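Below you'll find the structure, written out as structure tokens, and then a few comments.
In this chain, numbering begins with 1 at the start of the sequence shown. None of the values given here were measured: they were computed from a predicted structure.
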Amino acid sequence: MNNKGYLLTEACLALAVGAVAAAVLYNALLPVSVSLKNLQSDLLLSRAARYSQSFIEQELLLHSAGVKITIGSNDKIICAETRGNRQVTFYRSGGALAREIKYNSTKGVNPLSLEEVTLESFKAEQLGADKIKVIIQLKDNAAGRSKKFTEVYTLANGSF
């Protein structure tokens with residue numbers, strides 16, 4: 001019995017089946033890879049938003065005796081503090097959330113955003129005598145994804 005011709009045919013058939021299986025697997029895993037990148041981007045944006053919002057929350061809930069909002073091309077939240085004559089201002093500066101602290105005659109500015117993201121917009125709105133709504137829109141620089149975050153704060157120590 002001569003089976004020499006079947007070995008080459010079987011090898012070609014196995015190679016073709018393997019190529020089809022690889023193509024099907026690639027097409028099945030490509031959306032999973034895209035979804036994973038989107039999920040990583042969303043997690044980064046959420047982490048950056050929570051980081052920035054925590055500073056605003058701390059000032060509004062713990063330290064502010066009075067709050068003033070300036071609305072325009074660049075909204076600002078100005079917090080007059082309960083301790084002495086210290087004033088804290090939050091605003092958008094150069095694609096980052098900035099916190100400017102004035103104490104007596106000195107002034108300092110700290111960026112409060114992560115390097116991986118850009119703050120595209122910062123809006124503040126008074127909802128009531130003791131409530132403020134802050135909307136920030138962040139963009140993931142690597143993925144190009146953008147997401148808007150809204151937070152409502154209740155002033156604990158002061159009012160407008």
Side-chain angles (χ1 to χ4, degrees), residues 21-160:
V24 168
L25 185 63
Y26 175 78
N27 286 333
L29 292 180
L30 188 61
V32 172
S33 173
V34 170
S35 294
L36 181 61
K37 287 180 184 178
N38 290 343
L39 179 63
Q40 287 175 333
S41 178
D42 287 347
L43 287 174
L44 174 66
L45 292 173
S46 296
R47 186 183 75 177
R50 198 61 223 142
Y51 175 76
S52 297
Q53 289 170 338
S54 68
F55 289 100
I56 298 171
E57 181 177 34
Q58 180 182 5
E59 289 298 328
L60 293 175
L61 296 179
L62 300 177
H63 305 301
S64 296
V67 177
K68 179 182 171 188
I69 298 174
T70 62
I71 299 173
S73 61
N74 191 13
D75 289 6
K76 292 183 179 182
I77 302 172
I78 304 167
C79 305
E81 297 225 341
T82 56
R83 302 173 299 183
N85 52 355
R86 186 173 163 212
Q87 178 180 314
V88 178
T89 305
F90 294 97
Y91 58 94
R92 181 179 176 263
S93 174
L97 180 64
R99 176 177 64 176
E100 178 183 282
I101 300 172
K102 291 181 185 175
Y103 185 71
N104 293 331
S105 62
T106 60
K107 178 173 98 171
V109 178
N110 301 63
L112 301 178
S113 297
L114 300 177
E115 292 180 12
E116 297 91 355
V117 300
T118 301
L119 180 65
E120 292 185 318
S121 70
F122 178 75
K123 298 288 181 193
E125 179 183 337
Q126 180 179 350
L127 295 178
D130 63 345
K131 291 194 187 296
I132 182 172
K133 178 169 78 170
V134 177
I135 302 169
I136 60 175
Q137 183 166 347
L138 297 172
K139 179 182 178 185
D140 183 352
N141 296 331
R145 291 175 55 88
S146 183
K147 197 168 184 180
K148 191 178 283 189
F149 298 90
T150 303
E151 190 74 29
V152 176
Y153 302 102
T154 302
L155 307 177
N157 294 324
S159 61
F160 288 95

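A salt bridge (charged side-chain N to carboxylate O under 4.0 Å, His left out) check over residues 27-37, counting only residues at least two apart or in different chains, returns nothing. For residues 39-48, every residue pair satisfying the salt bridge (charged side-chain N to carboxylate O under 4.0 Å, His left out) rule, not counting sequence neighbours, is listed here: Asp42-Arg145.
Among all heavy-atom pairs drawn from Val88 and Glu59, the shortest one is CG2-OE1, 3.6 Å. The shortest non-hydrogen separation linking Asp140 to Ser41 is OD2-OG, 2.9 Å. Residue Leu45 comes nearest to Val117 through the heavy atom pair CD2-CG1, 3.8 Å, listed as atom of the first residue, atom of the second, then distance. When all heavy atoms are compared, the tightest approach of Tyr51 to Ser54 is O-OG, 2.7 Å.
Rounded to the nearest 0.5 angstrom, Ser46 OG and Lys147 NZ are separated by 4.5 Å. Taking CG of Asp130 as the reference point, atom CG of Leu155 lies at 6.0 Å (rounded to 0.5 Å). Note that CZ of Arg92 and CG of Asp75 are 11.0 Å apart. Values are rounded to the nearest 0.5 Å. Taking CG of Leu114 as the reference point, atom CG of Leu138 lies at 8.5 Å (rounded to 0.5 Å). Expressed to the nearest 0.5 Å, how far CD1 of Ile77 lies from CZ of Phe122 amounts to 3.5 Å. Summarising the geometry, atom CZ belonging to Arg99 is positioned 10.5 Å from atom SG belonging to Cys79; distances are rounded to the nearest 0.5 Å.
Taking 4.5 Å as the limit, every side-chain heavy atom of Phe90 sits out of range of all side-chain heavy atoms of Val134. Proximity of Ile69 to Glu125: side-chain heavy atoms (C-beta onward) are nowhere separated by under 4.5 Å. Looking at heavy atoms from C-beta onward, Gln87 lies out of side-chain contact with Lys107 at the 4.5 angstrom threshold. For the pair Glu100/Lys102, a side-chain contact is recorded, criterion being any heavy-atom separation below 4.5 Å from C-beta on.
The main-chain N or O of Glu116 is found under 3.5 Å from a side-chain atom of Asn141 such that the two form a donor-acceptor pair.
Shown here are the side-chain hydrogen bond (donor to acceptor under 3.5 Å, both in side chains) partners of Thr89, two or more places apart in sequence or in another chain: there are none. A search for side-chain hydrogen bond (donor to acceptor under 3.5 Å, both in side chains) contacts involving Ser146 returns Glu120, Gln137, not counting sequence neighbours. Residues forming a salt bridge (Lys or Arg N to Asp or Glu O under 4.0 Å) with Lys123 (at least two apart in sequence, or on another chain): none. Residues passing the side chain to side chain contact (heavy atoms under 4.5 Å, CB included) test with Leu29, sequence neighbours excluded: Leu25.
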Apply side chain to side chain contact (heavy atoms under 4.5 Å, CB included) to the pair Asn85 and Tyr103, showing each step before the final yes or no. CA-CA 6 Å; Asn85 52 355; Tyr103 185 71; 4.0 Å; yes
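For the side-chain contact (heavy atoms from CB on, under 4.5 Å) with Ile132, the qualifying choice from Leu60, Ile56, Leu127 is Leu60, the only one to do so.
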